[in-house]
Amino acid sequence: MKNLIINPPAVFFTGNQLSGEGVEHVARTIRDLKGIFYDEAARSAMPQNTVAYEVKSFLPVPEGTPGGLYFGITYLYPGKVGDEYFMTKGHFHACSDRAEFYWGLTGEGMLIFMNEQRRVWAERMSPGTLHYIPGGVAHRVANTGSNLLSFAACWPSDAGHNYAEIADSGFACRLIEKNGSPTLI
């Protein structure tokens, strides 16, 4: 009989924190979000080193590995550019039939979807909400609250990210604050 070897975990997910061996960290500043917001003059007038959001990811297998999974947490700060809330860049998956899960950890926000026919809809995010993002659907998140919005994600390691299509064509609707409420226009 072989001895059972038990290794301690290398990655920890506690509360809304992801830490440990192999966790990658990326920060997106207002400078990095050029072309995302409608009011470019307002964006360019802001301090360009202002962090809009950060992502911590655990990618245990090489990108493109069939059957692998990735896990990450996004930390989206409160703020606005003009009347648009701080938001993530948004993307389709490069392998367009790949789905993804998001779930709310802290704060309040909206998950904005757009299908390939450019139909847009949104779901409210808050602690404990679970969101299924089907294949063929672009997605981005906006922080509609006054505190940090954090959410976790799990996606296939062979999904890839197609940011170019959103950078070139944008979303068909924008989420703005109108009369004190988030509104898709």
Apply the side-chain contact (heavy atoms from CB on, under 4.5 Å) test between Val55 and each candidate in Leu18, Thr74, Thr88, Ile73; give the one that qualifies.
-> Thr74
Looking at Asp158 and Arg98, does any basic side-chain N land under 4.0 Å from a carboxylate oxygen?
-> yes
According to the interplanar angle, ranging from 0 to 90°, do the rings of Tyr163 and His161 count as parallel (below 30°), tilted (30 to 60°) or perpendicular (above 60°)?
-> parallel
Tyr70 side chain to Val61 main-chain N or O, any donor-acceptor pair under 3.5 Å?
-> yes
Please name all residues satisfying salt bridge (charged side-chain N to carboxylate O under 4.0 Å, His left out) with Glu84, sequence neighbours left out, ordered by chain then number.
-> Arg174
Identify the heavy atoms of Leu76 and Val141 that sit nearest to each other, and give their distance.
-> CD2-O, 3.3 Å
Report the distance from atom OG of Ser150 to atom CG of Asn143, rounding to the nearest 0.5 Å.
-> 10.0 Å
From Leu59 CG over to Leu69 CG, what is the distance, rounded to the nearest 0.5 angstrom?
-> 11.5 Å
Do Thr65 and Ser157 have side-chain N/O donor and acceptor atoms under 3.5 Å apart?
-> no
Side chains of Tyr132 and Glu100: is there a donor and an acceptor less than 3.5 Å apart?
-> no
N-O pairing of Glu177 and Lys80 below 4.0 Å | yes
Measure up the His139 and Tyr102 rings against each other and bin them: parallel (under 30°), tilted (30 to 60°), perpendicular (over 60°).
-> perpendicular
List for me each residue that meets side chain to side chain donor-acceptor pair (under 3.5 Å) alongside Asp32, sequence neighbours excluded, and say none if there are none.
-> Thr29
For Arg140, all residues meeting side chain to side chain donor-acceptor pair (under 3.5 Å), sequence neighbours excluded = none
Hey, do the aromatic rings of Tyr77 and Tyr53 have their centres closer than 6.0 Å?
-> no
Side-chain contact, heavy-atom cut-off 4.5 Å: Met110 with Glu123?
-> no
